[in-house]
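A quick write-up on the structure given underneath.
Keep in mind it's a predicted model, so treat the numbers as computed, not measured. Order of appearance sets the numbers: ligands from 1, and atoms from 1 within every ligand.
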Amino acid sequence: MTFAIQGLNVSRGVAIGRAVLVASSRVDVAHYFVNADQVPAEIERVRRGRDAVVDEIRRLHETITHMGPNEAPHELGALLDVHLMLLQDDALAAGVKHWITDRLYNAEWALTTQLEIIARQFDEMEDEYLRERKADMEQIVERVLRAMKGTSSPIEAHNQRTMRKASQQDLLLDDTVDVPLILIAHDLSPADMIQFKQSVFAGFITDVGGKTSHTAIVARSMDIPAVVGARLANQLVRQDDWVIIDGDAGVVIVDPSPIILAEYGFKQRQGELERGRLQRLLHTPSVTMDGQKVELLANIEMPEDAAGALKAGAAGVGLFRSEFLFMGRQGRLPGEEEQYQAYRRAIEGMRGLPVTIRTVDVGADKPLDDSLHDDAHLNPALGLRAIRWSLADPAMFLTQLRAILRSAVHGDVHLLIPMLAHAREIRQTLAHLDHARAMLDNRGVAYGPVKLGAMIEVPAAALSLKLFLKHFDFLSIGTNDLIQYTLAIDRSDESVAHLYDPLHPAVLRLVADTIAVSRAQGKVVNVCGEMAGDVALTRLLLGLGLRSFSMHPAQILAVKQEILRADTSKLAPWAQRVLEADDPARAMTMA
Ligand code: PEP
Ligand code: MG
């Protein structure tokens with residue numbers, strides 16, 4: 001039966017495919033397709049993993065039968081029996097075989113997919129004792145996965161089969177192999193999303209998350225349809241259901257009828273045609289009708305994203321979120337040399353264009369590791385994050401500063417500091433920068449000049465611009481956080497997403513003043529939050545005087561189209577009226 005789930009639209013476009021439900025704790029399991037001739041080897045890998053665990057449990061059983069009741073309680077033996085029974089259960093083996101043979105999933109993916117199905121069956125059981133066996137099932141699959149670790153697949157990630165785009169005909173024929181797959185999870189961390197950058201998935205759906213949560217931001221940078229905050233999607237959708245993601249409307253349609261499928265297939269093709277049309281603007285200079293040059297920069301998460309930025313026609317990188325180099329490493333942070341090489345790759349990837357490297361901005365919804373989710377502090381967004389974290393760990397901060405300074409030998413590097421609010425933080429940051437240079441001097445290591453910028457993303461910063469302009473070469477407005485902190489809305493909490501409003505008069509006032517004051521002092525100012533890539537806001541930002549925008553590469557051409565149609569001499573008075581209005585969103589629709 002067809003039904004729809006409303007979520008938040010985070011990444012445009014339409015994706016149609018089969019649901020792959022992944023438990024949040026298992027998103028790090030490899031997901032790729034094997035070739036048909038590798039099917040027997042994949043099935044064998046699971047069998048060997050399972051047999052190894054069966055042996056392990058039998059040995060344990062043997063040991064405890066020789067122990068007294070004080071050393072090994074009777075229940076332990078019974079529990080091991082249950083584990084053995086579950087391991088040898090036909091439903092597990094048959095299901096795994098099906099996913100590998102019929103869908104060509106790799107062994108680990110097949111195993112976790114089948115686990116999801118069985119876990120749901122346990123959830124639905126009336127009998128409490130049986131319901132509790134779900135945890136046992138999860139434990140044994142975990143053990144099999146661990147046992148399989150030593151027997152990695154002969155297929156390397158770069159060798160994986162890629163999905164071809166399914167045609168409407170395929171979808172209606174219910175082709176079982178080679179149809180796009182849509183990942184559905186309760187939650188995905190930004191680090192998980194990074195893993196999926198090169199993945200087989202054609203779209204993402206999560207139960208939780210706000211529009212400018214970092215998970216949503218990474219989905220947008222991948223330029224594939226995504227919906228977050230879909231609340232119960234993970235429970236309502238079943239493994240392998242057909243789903244449609246309408247990324248523009250933030251809607252998920254489950255089990256669509258052929259008519260709905262055809263309708264969305266049409267919409268999907270329209271979207272592709274529109275993107276094709278925008279490509280014609282790639283080499284058109286970004287200049288308004290009245291001759292104002294506008295700089296269009298890219299936001300990137302990894303050095304390798306530089307290629308996509310260049311391809312999209314970016315004039316440089318306006319925001320390299322360096323924290324993604326620090327995530328998912330179980331606390332083993334990248335050293336100076338590793339960071340230097342990463343920054344250098346990004347700089348060289350941009351072929352002489354400027355690259356703005358932001359110092360590490362972890363904390364809140366960007367934990368270093370998934371296991372380090374900050375539950376200890378009640379308000380992690382107000383806690384030790386971004387520059388506060390860097391200043392609290394001078395050795396780590398100095399390491400990063402040295403790596404960035406060294407990388408500046410290879411190009412035009414701008415160094416950007418996130419989340420500053422206090423004069424003291426500015427002073428400490430500048431002192432650390434001097435110290436980093438002195439350390440490099442002492443070691444006789446070469447480094448280059450950097451332009452120094454501050455992010456304006458805390459209202460306190462936007463209200464003390466004089467201080468910031470005294471110390472920094474440029475300012476970059478982080479509207480995602482500026483909105484969060486001005487309106488007291490957690491950007492990653494879908495339950496308050498309706499209050500997250502870029503057009504709130506207070507937000508616009510802070511953005512407008514930052515632009516105006518910086519320009520009056522001849523300082524460069526840009527917006528690097530999600531507002532910069534929102535075509536509905538391009539004219540307003542131009543009217544407020546903004547001439548530098550930094551966004552996901554995928555948005556650049558659409559924003560450029562708006563710029564080419566704009567006349568800033570007319571937009572400026574209009575923008576002032578919008579700024580003064582009680583309801584700017586309404587005022588924007590008036591001439
Ligand atoms: C912002 O806050 O607008 C910003 C660009 O930084 P981030 O989204 O990484 O917090
Ligand atoms: Mg920010």
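- The protein non-hydrogen atom at the shortest distance from atom 7 (P) of ligand 1 is His214 NE2, 3.2 Å.
- Between atom 3 (O) of ligand 1 and the options Val527, Asn480, Ile217, the minimum heavy-atom separation is to Asn480.
- At a cut-off of 2.8 Å, Asp481 coordinates the Mg ion (ligand 2) through an N, O or S atom.
- A side-chain contact (heavy atoms from CB on, under 4.5 Å) with Val243 is found for exactly one of Val227, Val20, Val237, namely Val237.
- Relative to atom 10 (O) of ligand 1, the option among Arg491, Arg321, Met419, Met455 with the closest non-hydrogen atom is Arg491.
- Here Leu319 has side-chain heavy atoms under 4.0 Å from ligand 1, and that is the only part of it that gets that close.
- Residue-level proximity to ligand 1 for Asp361 is carried by the side chain, the only part with a heavy atom below 4.0 angstrom.
- Residue Gly478 approaches ligand 1 through these ligand atoms, each under 4.0 Å from one of its heavy atoms: 1 (C), 2 (O), 3 (O).
- Numbered from 1 in the order shown, with element, the atoms of ligand 1 that lie under 4.0 Å from a heavy atom of Cys528 read 5 (C).
- Note on Glu457: its N/O/S atom closest to the Mg ion (ligand 2) is OE1.
- Between the side chain of Glu336 and the backbone N or O of Thr399 there is no donor-acceptor pair closer than 3.5 Å.
- The nearest heavy-atom contact from the protein to atom 6 (O) of ligand 1 is Arg358 NH1, 2.9 Å.
- Residues Tyr343 and His410 place their aromatic rings such that the two centres sit no closer than 6.0 Å.
- With hydrogens and angles ignored, the 3.5 Å screen pairs a side-chain donor or acceptor of Arg547 with a backbone N or O of Leu542.
- By the 3.5 Å distance cut-off applied to N or O atoms, Glu530 is not counted among the residues near ligand 1.
- Using a 4.0 Å cut-off between charged nitrogen and carboxylate oxygen, Arg345 and Glu304 count as a salt-bridge pair.
- In this structure, the side chain of Arg344 does not engage the main chain of Ser407 through any donor-acceptor pair within 3.5 Å.
- Both cation-pi conditions hold for Arg406 and Tyr340: the charged atom is under 6.0 angstrom from the six-membered ring centre and inside a 45 degree cone around its axis.
- The pair Arg275-Asp223 counts as a salt bridge, with a side-chain nitrogen and a carboxylate oxygen less than 4.0 angstrom apart.
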